[in-house]
Amino acid sequence: ATERKAVFLFFGGTGDLAYRKLYPSLFNLYRKGNLRSHFAVIGTSRAKMDDDKFRAAIKKSLADSGNRTDSKEASDFVSHFYYQDHDVTDTAHYAVLKELMDKLDKKYKAEGHRIFYLSMAPQFFGTIAQDLKTQGLLSEGKDVFNRLVIEKPFGRDYDSAKLLNDALSKSFDEDQIFRIDHYLGKEMIQNIEALRFGNTLVESLWNNRYIDNIQVTLSEKLGVEERASYYDNSGALRDMVQNHIMQIVSLLAMEQPVAFTDTDIRAEKVKALRSLRVYNVADAATNFVRGQYGSINEQADYRHEDNVPHDSTTETFVAGKLLFDNYRWSGTPFYIRTGKMLADKFTRVDVVFKRPLVDIFAFPQSQNTPLAANVLTIFVEPHAGFSLQLNAKTNDTGFSTEPIKLDYLVDAQKSKDTPEPYERLLHDVLKGDGTNFSSWPEVSYAWKFVDQIRRVWDLQEPQFPNYTPHSMGPAAAEELIQRDHREWVYRL
Ligand code: NAD
């Protein structure tokens, strides 16, 4: 592995995300040699603590994620960690962070490379970015890099996202900003590009002549858990559709990039999003449905979760139909759905091909059932893999056909060795590769699409709750697709 050099500064450095995901991911990069001796990590938050206490917390975070921490390797790793308490709203105090960063940069010979990771409430993103620049924390020099990593959510509608982006771009250029969408760090999401552009068999059929519809499902089994106060302000449309689903859909819909580089890929994703039809009021109302889970016994009832108002109208489920107005996709809808408290936890993409134009096996005297559609399924999680459903002959006398499946499932050992999304994404940040991050144009088109749905929903009080826990959502999600004489490939 190539060693990368940098001083990291984690805002929200004592937060849940930092301990649960970010530090263990850095440790994996360290064990693989992507980080060796020329790096340091500063954690900052309002809490007071010294370096020793912080290092002990880092060890615990490594242990909690399944690492052995009695090794020399673990001790060497945590010796690169430093803590500095700081209130992000106190501009004068950034001087303390600057001094520490400069000192560690020299000590570890990090060559001026800096990564600022904002893992805290988004209302602070703008202020922090501004103070980092005005208080001189960005290093200068020809070959140095300063990169800003931003956690989600990126705004709550187009207008707020634009304000945030304007604030960030006063201090950082677009190619220095890495907006995290951890779905883009998932193996099988990245595999969409390999599957499409690495296979004639796939890409030559990847259009409205051969594909009837595409279905994207992000299904969660749990309810809101501890995130209720955040979630109730956001809802499934903002929390899942605007970012993860729009990113997945644009990878599925885009044209072949000129080359496999962040600039080329982004250009194609943006082009795809530009041809996504933004609905008028009537179409938004028919093409999107929302749901909220609830039950008579209040056992699993969104409105009875802690920190959720009893009359909350926040949606915990969304299903919708997306249409691209371009040559490749005109007439082939993309159906999407996501929700909490559904039947199972999984993410998958089902690509449903058109049936043969003529079914020669279905002549009048034959007993044959009509040919099934070919379906290519991309299993994203929990098990990664593909499955291709084809029609074949049954092995009895006479002649009938049946659907069979060609499966490729990533084996247990290989999936254990697959890097976690945050490990990949942090590695990409160190390399300066923006492929798996959301660019501002992508974010803005996604918001403009989603805002239109939200606008329509806000006009009308929903009839909630409308789906039972552990189902696949409200009846309206079935009607949405049945109206088009289709059905969800994954069903209960
Ligand atoms: P958290 O509440 O656990 O941590 C917030 C951190 O910010 C703490 O370290 C706190 O001390 C610090 N902080 C708060 N106010 C401060 C101030 N004025 N000055 C300095 N420090 C301050 O949050 P989290 O769950 O770790 O999430 C962090 C970010 O990541 C958020 O943007 C969140 O939306 C995003 N995110 C989290 C998860 C997750 O699984 N936890 C998943 C996706 C996105």
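All ligand and atom numbering here is 1-based and tracks the order in the structure.
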Under 4.0 Å from ligand 1, residues with heavy atoms, in chain and number order, are Gly12, Gly13, Thr14, Gly15, Asp16, Leu17, Arg20, Ser45, Arg46, His86, Asp87, Val88, Ser119, Met120, Phe124, Glu151, Lys152, Pro153
Paired with Phe124, the side chain to side chain contact (heavy atoms under 4.5 Å, CB included) test is passed by just one of Thr89, Asp131, Asp87, namely Thr89
In this structure, CG of Asn243 is separated from OH of Tyr183 (nearest 0.5 Å) by 9.0 Å
Do the side-chain N and O atoms of Asn28 and Arg424 include a donor-acceptor pair separated by under 3.5 angstrom? no
Q. Under the 6.0 Å and 45° cation-pi test, does Arg55 pair with Phe81?
A. no
query = Between the side chains of Ser295 and Asp301, does any donor sit under 3.5 Å from an acceptor?
reply = no
Check the orientation of Phe77 and Tyr30. Use parallel for under 30°, tilted for 30 to 60°, and perpendicular for over 60°. tilted
